[in-house]
Visitor: 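I'd like to ask you about the structure that follows.
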Amino acid sequence: PVYVACYTFIFPWIVHYRACLKPLQHAYDVGMRCGDINYAVTAATNCFTISLFCGGGLATVEKMLRKSIRKMVEHKQEIYWKYSLPFWQAVANLIGESDDVQPLIGQSLNHEQLLKDALNNKRMRAAVLNLHLQSWLAYIYGNYELAATMTEKKQAIALLPSPHFLSTNYLFVDGLVSFEMARKTGEKKWLAIAQKSLEGMQKLALYPPVNSQHKVFLLQAESSFSAADFQKAAQNYENAIKTAGENGFIQDQALAYERAGIFHSQQGNTSAASRYYGQAHNAYLKWGAKRKADHLCKSNVL
């Protein structure tokens, strides 16, 4: 239990998230060997969560999830496999594989059913995680209205403090969705959520910057875009791209490239937009998100 606690709640505030993966994998292996299944699956859930959010290759993350969920089903750890399924579905969606869970768990369950089950059983962390993943995917695929709906539902749920790697991602996606909706609708509520998310990210990025500074830069770029400070926005998109790349967050670097492409496209700079879209496409492929890369090709002229 010490390993799981330390590498879930303490070390992510000190070191790169990726440094927590091997200790958590060790905790899983020890738990399985000793028959402490609850301890093992707790380590597994944190391991694949960190791996996904720190830019782990999606094919590797998918295999990790598939193995973990099958073990959870085998050992009748229903709470854990229901918590894990939205992760697997999100990864399968990005890769371009079927996200039908029937072959994996022996029954069909979708996001809505899993969300309803979590809410009915007062598993609020699972509900928030489900809504977050849906919002994240919707934003990545440009379905901003759906992303906003999921964000509003998530905002309505009171949540206890979460591990650093979840808190940063919650704030990051909430901020991105809200800045986009603030520009589209002009509604003050979205700007308030966006600014609150940015302020929260700036605080969390201090511990340590390697995990979150690129997220701050991207939110600052979106903030400047919304405020029509286009020079500052362009610089912060570049800062986000550079910092995400240096620290190994390929998924966020891909998104930053794409957002820079959208920004320059809306400024009428088609040459720069095309260049950024092309770099986003390459980064998504490097991450393993083939379906998203294909979606980018179909949605934009590269």
Visitor: Suppose we call two aromatic rings close when their centres sit under 6.0 Å apart. Are H16 and F249 close by that rule?
Guide: yes
Visitor: Out of curiosity, K215 NZ to Q220 CD, how far, rounded to the nearest 0.5 Å?
Guide: 14.0 Å
Visitor: Between R66 and E62, does any side-chain N to carboxylate O distance fall below 4.0 Å?
Guide: yes
Visitor: Calculate, to the nearest 0.5 Å, the distance between atoms CZ and CH2 belonging to R183 and W190 respectively.
Guide: 13.0 Å
Visitor: Parallel, tilted or perpendicular: which describes the rings of W136 and H132, with under 30° parallel and over 60° perpendicular?
Guide: parallel
Visitor: Give the intermediate values and the outcome of side-chain hydrogen bond (donor to acceptor under 3.5 Å, both in side chains) for residues D29 and Q25.
Guide: CA-CA 6 Å; D29 293 338; Q25 181 62 49; 3.1 Å; yes
Visitor: Does either side chain, that of K292 or that of H295, offer a donor lying less than 3.5 Å from an acceptor on the other one?
Guide: yes
Visitor: Going by the angle between their ring planes, with limits at 30° and 60°, are Y237 and F225 parallel, tilted or perpendicular?
Guide: perpendicular
Visitor: List the atom of A148, the atom of M181, and the distance in Å for their closest heavy-atom pair.
Guide: CB-CG, 3.7 Å
Visitor: Would E246 and K242 pass as an ion pair if we require N to O under 4.0 Å?
Guide: yes
Visitor: Tell me whether the rings of H26 and Y3 are parallel (<30°), tilted (30 to 60°) or perpendicular (>60°).
Guide: tilted
Visitor: Please test S68 against V41 for side-chain contact (heavy atoms from CB on, under 4.5 Å), starting from the C-alpha separation and ending with a verdict.
Guide: CA-CA 7 Å; S68 298; V41 297; over 6 Å; no
Visitor: Under 3.5 Å, is there a donor-acceptor pair between the side chain of Q113 and the main chain of N110?
Guide: yes
Visitor: Please evaluate residues W287 and I95 with respect to the criterion side-chain contact (heavy atoms from CB on, under 4.5 Å), reporting the C-alpha separation (whole Å), side-chain torsions for both, the decisive distance (0.1 Å), and the verdict.
Guide: CA-CA 9 Å; W287 183 33; I95 291 174; over 6 Å; no
Visitor: For W13 and H164, take the angle between the two ring planes, folded into 0 to 90°, and tell me which bin it lands in: parallel under 30, tilted 30 to 60, perpendicular over 60.
Guide: perpendicular
Visitor: With no hydrogens and no angle check, just 3.5 Å: does a side-chain donor-acceptor pair link Y207 and S212?
Guide: no
Visitor: Determine whether D117 and N120 satisfy the following criterion, side-chain hydrogen bond (donor to acceptor under 3.5 Å, both in side chains), listing intermediate values before the conclusion.
Guide: CA-CA 5 Å; D117 178 80; N120 287 343; over 6 Å; no
